[in-house]
Amino acid sequence: MRLKVFRHRQGMSEPRYDTFEMEAAPGMTVLSALFKIQEEFDDSLAFRYSCRGAVCGSCAMLINKVPRLACRTQLMPLLAGEQEISLSGYPAIGGPVSWDPKEDVLVEPLPHLPVICDLVVDMTRFFAFYRDIDPVFSPLDPDPEKERLMDPSDVRELELYTNCILCGACFAACPVDAKNPRFSGPAALASLYRFCIDPREGRRIERLKTADTPDGWWGCEFHANCRQVCPRGVPPIVAIGQARQEIKKQRKEGEEM
Ligand code: SF4
Ligand code: FES
């Protein structure tokens, strides 16, 4: 098989794609293949990783035109066509490179973020939106005498969102983030919603209102790419839909009072 890898760094006038031939062993991941390139072909190839176990979120990249974790994506199922995902309204797809999905695996940096070097992108915009939601618990009772007991169904709902590892795959797959640099994006909105539904949180309504804006809850166009690409099963689109319903309900109650 061949790995076609996007290359770009300071001093290069145009990006290019380098092709590396190797045997795809069963279980071999895209991240392992990138290490092989560094060790055996070209040690200047730049990419991010840390945990190698789908926990840190740092190895997200565009693999066969879909944002995925390199440490979790195996080569053989990709070549067998078993991991195809069809994304909607996605202008990042369809660049100038051609590849044969039966023979090649195409590896590129996450779209919608500036490339620093090869597969490493500048995540500043993504994390700025996350900081904006103030992702710090503000408890109802800051100093309880006993532990805060939770209803198991509340815990299950919260866990849908606390599973996020901030990899940025959803942000990179979102057609709204591609065209609107102010849209908070799926990950930040899902994290904000997590605080809006936490029964222990003291600022639930206030938090819901912080994203009651055209670039917050109301910026989403429901393409649902976020849910398709998330490696942790987080459903930002569900959070956004439920937040909108809650806001409408509160507006109606306000009008009736
Ligand atoms: S919601 Fe999923 S895809 Fe988006 S940043 Fe979190 S883990 Fe990654
Ligand atoms: S290296 Fe940590 S998620 Fe892939």
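Remember, it's 1-based here, ligands and their atoms both numbered in the order they're listed. Note that the coordinates shown come from a computational prediction; the quantities given were computed from them, not determined experimentally.
Ring geometry for Phe6 versus Tyr17: interplanar angle over 60°, hence perpendicular rather than tilted (30 to 60°). Between Tyr130 and Phe127, the ring-plane angle classifies as perpendicular under the 30° and 60° cut-offs.
For ligand 2, the atoms sitting less than 4.0 Å from at least one non-hydrogen atom of Cys56 are 1 (S), 2 (Fe), 3 (S), numbered in the order shown with element in parentheses. Taking a cut-off of under 4.0 Å to the non-hydrogen atoms of Ala54, the atoms of ligand 2 that pass are 3 (S). Close approach to Cys59 involves these atoms of ligand 2, each under 4.0 Å from a residue heavy atom: 1 (S), 3 (S), 4 (Fe). Near Pro231, meaning under 4.0 Å from any of its heavy atoms, are these atoms of ligand 1: 3 (S). Close approach of ligand 2 to Ser50 is summarised as follows: ligand atoms under 4.0 Å from at least one heavy atom of the residue are 1 (S). Set against the non-hydrogen atoms of Arg52, the atoms of ligand 2 under 4.0 Å away are 1 (S), 2 (Fe). Each of the following atoms of ligand 2 lies closer than 4.0 Å to a heavy atom of Val55: 3 (S). For ligand 2, the atoms sitting less than 4.0 Å from at least one non-hydrogen atom of Cys71 are 1 (S), 3 (S), 4 (Fe), numbered in the order shown with element in parentheses.
In this structure, the side chain of Arg148 engages the main chain of Asp141 through a donor-acceptor pair within 3.5 Å.
Of the charged side-chain nitrogens involved, at least one lies within less than 4.0 Å of a carboxylate oxygen, so that Asp42 and Arg7 count as a salt-bridged pair. With respect to the salt-bridge test (charged N to carboxylate O, under 4.0 angstrom), the residues Asp18 and Lys4 do not qualify.
Excluding waters, the count of protein N/O/S atoms less than 2.8 Å from atom 6 (Fe) of ligand 1 comes to 1.
Between the side chains of Glu246 and Gln242, not a single donor N or O lies within less than 3.5 Å of an accepting N or O.
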